[in-house]
A.B. asks: 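Questions regarding the structure given below will be posed in turn.
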Amino acid sequence: MEPQESFLAQLTEDKKQLVEALISIGQFERVFGPPPWRPELFSSLFHRLAEIDSFYRELGGIAGYQQKVLSLASDTHSLIDKTCRFHMPHYIDISNETKEVRQAVHEGIRRMPEMAEFYPLGGAADRLHLVDASTGVELPAAKLVFMGRELLEGLIRDLQAREYLYYKLWGKQITTPIVIMTSHEKDNHRHVCEELERQHWFGRPKKSFRIFTQPLVPVVNDQGMWVMQKEGVPLLKPGGHGALWKRAQDEGVFRWLARQKKWAF
């Protein structure tokens, strides 16, 4: 029996499907390394692969993800076309106070009871190179400090200011639901949850928050191969802010908001 066949024979059906997907895209030995392979040594890897496969199930799971990445990579040159023209999207310039601006601002504040806010805080912030000064450990984007406050606190203070303005104008207190997307990159999820607990949920009901993690996906090099940290450990990074809406759908967030008659913002 071939080594791959022997390995597959030891696996449950769901793990076998993951391995077969890696074989089909030519990544199996890169990810698992050379034989012999023992399933018990790869439990964490199987867990990560299952998350990736599930998230991209509409694309065809792991194999669909790989195909999409390669397709996008092959189209790189066609995206850079000197004949392309980029048009500015329509927007309202609120830096100049006009009747239209005042009406838009007024309407936005008036409709706040119908709104929820989404905060995609799962970014790795590799380019910012945030580091804990005392430990030297890399920190995620959620730990970015601006004017003495971390990113999450700044976002919620801004929201609370708008909620207070609504109260002053219409005499009614409102609590806007907050949806937060974290990730496991650089311990991001733990940092965000600890900050919420430390700040006592910023004086807001805990039930007014929904938190979920975005998937970590394989980094692919320019040859179409998965980048490995070491044998059995592919380099995974957050799958981008676009994962917010897909993950929210999978986590039932839109049903949660619909019950409250809220719109995403």
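Quantities reported herein were computed from a predicted structural model and do not represent experimental measurements.
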A.B. asks: Does R190 form a side chain to side chain contact (heavy atoms under 4.5 Å, CB included) with T182? I'd like the steps, not just the answer.
C.D. replies: CA-CA 9 Å; R190 179 181 64 82; T182 65; over 6 Å; no

A.B. asks: Drop me the distance from S54's OG to L49's CG, to the nearest 0.5 angstrom.
C.D. replies: 12.5 Å

A.B. asks: State, yes or no, whether a side-chain contact exists between L257 and W263 at a heavy-atom distance under 4.5 Å.
C.D. replies: no

A.B. asks: With rounding to the nearest 0.5 Å, note down the distance linking CZ in R157 to CG in L155.
C.D. replies: 12.0 Å

A.B. asks: Heavy-atom count around Q67 CD within 6.0 Å, excluding the residue itself: above 12?
C.D. replies: no

A.B. asks: If you take all heavy atoms of A125 and P140, which pair is closest and at what distance?
C.D. replies: CB-C, 4.1 Å

A.B. asks: More than 12 heavy atoms of other residues, nucleotides or ligands under 6.0 Å from NZ of K68: is that the case?
C.D. replies: no

A.B. asks: If you compare all heavy atoms of L144 against all heavy atoms of L128, which two are closest, and at what distance to 0.1 Å?
C.D. replies: CD1-CD1, 4.3 Å

A.B. asks: Going by the salt bridge (charged side-chain N to carboxylate O under 4.0 Å, His left out) test, which pairs reach into residues 103-115, not counting sequence neighbours?
C.D. replies: E107-R110, E107-R111, R111-E114

A.B. asks: Could you go through the side chain to side chain contact (heavy atoms under 4.5 Å, CB included) check for L196 and F202 one step at a time?
C.D. replies: CA-CA 7 Å; L196 287 167; F202 296 93; 3.8 Å; yes

A.B. asks: Are V101 and D93 close enough that some pair of their side-chain heavy atoms sits under 4.5 Å apart?
C.D. replies: no

A.B. asks: Given E153 and R198, is the salt bridge (charged side-chain N to carboxylate O under 4.0 Å, His left out) satisfied, shown in steps?
C.D. replies: CA-CA 11 Å; E153 182 177 0; R198 188 178 70 83; 5.1 Å; no

A.B. asks: Compile the donor-acceptor pairs under 3.5 Å between side chains in residues 165-179 and protein atoms, sequence neighbours left out, one pair per line.
C.D. replies:
from, atom 1, to, atom 2, distance (Å)
T176, OG1, E163, OE2, 2.9

A.B. asks: Do K15 and Q10 come close enough that some side-chain heavy atom pair is under 4.5 Å?
C.D. replies: no

A.B. asks: Which residues pass the ring-ring contact (aromatic ring centres under 6.0 Å, His included) test with Y65, sequence neighbours left out?
C.D. replies: Y56

A.B. asks: Got a list of side-chain donor-acceptor pairs under 3.5 Å for residues 224-243, not counting sequence neighbours?
C.D. replies:
from, atom 1, to, atom 2, distance (Å)
W226, NE1, Q66, OE1, 2.8
K237, NZ, D126, OD2, 3.1
K237, NZ, E185, OE2, 2.7

A.B. asks: Determine, using the 4.5 Å side-chain heavy-atom cutoff (strictly less than), whether V31 and F55 are members of one ILVMFWY cluster.
C.D. replies: yes

A.B. asks: Report whether V131 and V192 are members of the same hydrophobic cluster (ILVMFWY, side-chain heavy atoms less than 4.5 Å apart, transitive linking).
C.D. replies: no

A.B. asks: If you apply the rule side chain to side chain contact (heavy atoms under 4.5 Å, CB included), what do you find for H189 with E194, and how did you get there?
C.D. replies: CA-CA 9 Å; H189 183 75; E194 286 183 353; over 6 Å; no

A.B. asks: Please name the pair of heavy atoms, one in L244 and one in M181, separated by the smallest distance, quoted to 0.1 Å.
C.D. replies: CA-SD, 3.5 Å

A.B. asks: I want to check something: taking the side chain as every heavy atom from C-beta on, are P215 and I52 in contact at a cut-off of under 4.5 Å?
C.D. replies: no

A.B. asks: Are I62 and F28 co-members of a hydrophobic cluster defined by side-chain heavy atoms under 4.5 Å apart?
C.D. replies: yes

A.B. asks: Run the side chain to side chain contact (heavy atoms under 4.5 Å, CB included) test on Q4 and I23 for me, step by step, so that the C-alpha distance in whole Å, both residues' side-chain angles and the decisive distance to 0.1 Å come before the verdict.
C.D. replies: CA-CA 9 Å; Q4 284 187 0; I23 293 172; 3.6 Å; yes

A.B. asks: Taking the side chain as everything from C-beta on, heavy atoms only, tell me whether L159 gets closer than 4.5 Å to Y164.
C.D. replies: no

A.B. asks: Honestly curious: do L11 and L45 fall in one hydrophobic cluster under the side-chain, below-4.5 Å linking rule?
C.D. replies: yes

A.B. asks: R102: which residues meet the salt bridge (Lys or Arg N to Asp or Glu O under 4.0 Å) condition with it, sequence neighbours left out?
C.D. replies: E97

A.B. asks: Could you check whether any side-chain heavy atom of Q214 comes within less than 4.5 Å of a side-chain heavy atom of K246, counting everything from C-beta outward?
C.D. replies: no

A.B. asks: Angle between ring planes, F32 versus F46, binned at 30° and 60°: parallel, tilted or perpendicular?
C.D. replies: tilted

A.B. asks: Could you tell me how the ring of F7 sits relative to the ring of F42: parallel (under 30°), tilted (30 to 60°) or perpendicular (over 60°)?
C.D. replies: perpendicular

A.B. asks: If you look at every heavy atom in N188 and G122, which pair is closest and at what distance?
C.D. replies: ND2-CA, 3.7 Å

A.B. asks: Salt-bridged, D53 to R57, with N to O below 4.0 Å?
C.D. replies: no

A.B. asks: Among pairs that include at least one residue of residues 27-41, which meet side-chain hydrogen bond (donor to acceptor under 3.5 Å, both in side chains), considering only residues two or more places apart or in two chains?
C.D. replies: R38-E40

A.B. asks: If you measure from CZ on R210 to CD1 on I180, what distance do you get to the nearest 0.5 Å?
C.D. replies: 12.0 Å

A.B. asks: Thinking salt bridges, do E138 and K143 make one under a 4.0 Å N-O criterion?
C.D. replies: no

A.B. asks: Drop me the distance from K186's NZ to H191's NE2, to the nearest 0.5 angstrom.
C.D. replies: 10.0 Å

A.B. asks: How close do M115 and K262 get, heavy atom to heavy atom, and via which atoms?
C.D. replies: O-CD, 3.7 Å

A.B. asks: Under 3.5 Å, is there a donor on one side chain and an acceptor on the other for T98 and N96?
C.D. replies: no

A.B. asks: Can you see which heavy atom on K16 is nearest to which on L8, and at what distance?
C.D. replies: CE-O, 3.4 Å

A.B. asks: Dump the intermediate steps for side-chain hydrogen bond (donor to acceptor under 3.5 Å, both in side chains) on D132 and S134, then the final yes or no.
C.D. replies: CA-CA 6 Å; D132 187 315; S134 61; 2.6 Å; yes

A.B. asks: Could you state the interatomic distance from NZ (K206) to CD1 (I211), rounded to the nearest 0.5 Å?
C.D. replies: 8.5 Å

A.B. asks: Find the distance between OG (S43) and NE2 (H47) and round it off to the nearest 0.5 Å.
C.D. replies: 10.0 Å

A.B. asks: Under a single-linkage definition using a 4.5 Å side-chain heavy-atom cutoff for Ile, Leu, Val, Met, Phe, Trp and Tyr, are L18 and L41 assigned to the same hydrophobic cluster?
C.D. replies: yes

